[in-house]
Number of protein chains: 2
Amino acid sequence: MTSSLDPTLQTIGKNLRRIRVASGRSQEGLALDAAIDRTYVSQIERGIANPSILVLKKIASCLDANVSDLVVGT
Amino acid sequence: MTSSLDPTLQTIGKNLRRIRVASGRSQEGLALDAAIDRTYVSQIERGIANPSILVLKKIASCLDANVSDLVVGT
DNA sequence: ATGTGACTTGGAGTCCGTG
DNA sequence: ACACGGACTCCAAGTCACA
């Protein structure tokens with residue numbers, strides 16, 4: 001509930017983008033590996049989506065990171 | 001997808017229960033504070049629910065913990 | 001005070017496109 | 001390669017009765 005513009009989601013989005021770019025990967029490539037939609041990765045990075053832990057876990061795994069790395073600062 | 005009996009969800013459930021019991025609180029009391037249903041807390045602790053980060057964040061806040069504490073071991 | 005199955009519904013997540 | 005939107009599908013979210 002109250003999904004849009006939530007500071008927690010914003011922070012996670014920034015964390016994801018930072019880690020993804022640092023690994024030199026595109027949203028599309030990551031989405032393909034994680035078996036999720038490319039537009040959904042975009043939504044998460046922009047902080048307008050409220051993903052489940054399973055989705056977050058899949059993304060973290062494909063980035064050789066863990067979920068804790070994605071939620072730092074929340 | 002593949003929600004039931006997922007090892008990630010099981011671990012999070014165990015983490016939650018450990019932290020909650022350590023703070024001497026009941027599922028009901030926690031659910032009341034976090035403004036979520038008592039049975040939903042039960043489902044998360046049993047690892048059969050796949051909660052969103054916003055739900056996880058609310059629970060962590062009420063336990064004076066952060067989301068990272070709930071996802072350790074995943 | 002907690003586990004559990006069944007239920008409804010809003011939103012998570014997908015798929016098509018565009019600039 | 002990414003932001004953004006519309007129109008979907010399907011599961012997370014939230015509730016209930018009962019054990």
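Order of the sequence lines fixes the chain letters, A, B, ..., with proteins taken first and strands second; residue numbering starts at 1 for each chain. Because only heavy atoms are used, hydrogens play no part in the values below, and waters and symmetry mates are left out as well, while side chains stay in. Owing to the predicted nature of the structure, the values given are computational and were not obtained by experimental measurement.
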Rounded to whole Å, please give me the gap between [atom1] in [X] and [atom2] in [N].
X     : N      : atom1 : atom2 : value
B:L54 : C:dA12 : CG    : C1'   : 12 Å
B:D37 : C:dG10 : CG    : C1'   : 16 Å
A:I36 : D:dC11 : CD1   : P     : 16 Å
B:R46 : D:dA12 : CZ    : C1'   : 15 Å
A:L32 : C:dC15 : CG    : C1'   : 15 Å
A:I44 : C:dG11 : CD1   : C1'   : 14 Å
A:N50 : C:dG10 : CG    : P     : 17 Å
B:K58 : D:dA12 : NZ    : P     : 16 Å

Looking only at side-chain atoms of A:Y40, point me to the closest of D:dA13, D:dC4, C:dA12.
->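 Taking heavy atoms from C-beta onward, the closest nucleotide is C:dA12.
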
Pair of N/O donor and acceptor under 3.5 Å linking D:dC2 base with A:S26 side chain =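 There is none.
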
Are A:V41 and A:D37 close enough, and set up right, to give a side-chain contact (heavy atoms from CB on, under 4.5 Å), and what steps lead you there?
-> CA-CA 7 Å; A:V41 175; A:D37 198 82; over 6 Å; no

Given the rule in the side-chain contact (heavy atoms from CB on, under 4.5 Å) test, do A:N66 and B:T74 qualify, once you have shown the distances and angles that lead to the verdict?
-> CA-CA 7 Å; A:N66 47 43; B:T74 59; 5.6 Å; no

Taking only N and O in the side chain of [X], is any of them less than 4.0 Å away from OP1 or OP2 of [N]?
X     : N     : result
B:S42 : C:dT2 : no
B:R20 : C:dT2 : yes
B:R38 : C:dA1 : no

Judged by modelled atom types alone, do A:R38 and A:S42 share a side-chain donor-acceptor pair under 3.5 Å?
-> no

Which string of ( ) [ ] | and . matches DNA chain C, if you list each base 5' to 3' and count Watson-Crick or G-U pairs only when both distances are under 3.5 Å?
-> .||||||||||||||||||

Using a heavy-atom cut-off of under 4.0 Å over every strand shown, decide if [X] touches base, sugar-phosphate, or nothing.
X     : result
A:V55 : sugar-phosphate
B:Q43 : base
B:Q27 : sugar-phosphate

A:N50 and A:I44: side-chain contact (heavy atoms from CB on, under 4.5 Å), yes or no, with the steps?
-> CA-CA 7 Å; A:N50 176 25; A:I44 297 175; over 6 Å; no

Contacts of B:R17 and B:S52 projected onto DNA chain C by closest heavy atom; the upstream (5') one is B:R17

Could you list the donor-acceptor pairs under 3.5 angstrom formed between side-chain atoms of residues 23-30 of chain A and any protein atom two or more places apart in sequence or on another chain?
| unit_1 | atom_1 | unit_2 | atom_2 | d |
| --- | --- | --- | --- | --- |
| A:S23 | OG | A:R20 | O | 2.7 |
| A:R25 | NH1 | A:C62 | O | 3.0 |
| A:R25 | NH2 | A:D33 | OD2 | 2.8 |
| A:S26 | OG | A:G29 | N | 2.9 |
| A:Q27 | NE2 | A:E45 | OE1 | 2.9 |

From CA spacing to verdict: side-chain contact (heavy atoms from CB on, under 4.5 Å), A:D6, A:I48 = CA-CA 8 Å; A:D6 186 283; A:I48 62 175; over 6 Å; no

Just by modelled atom types, is the B:V72 backbone N or O under 3.5 Å from a matching donor or acceptor in the B:D69 side chain?
-> no

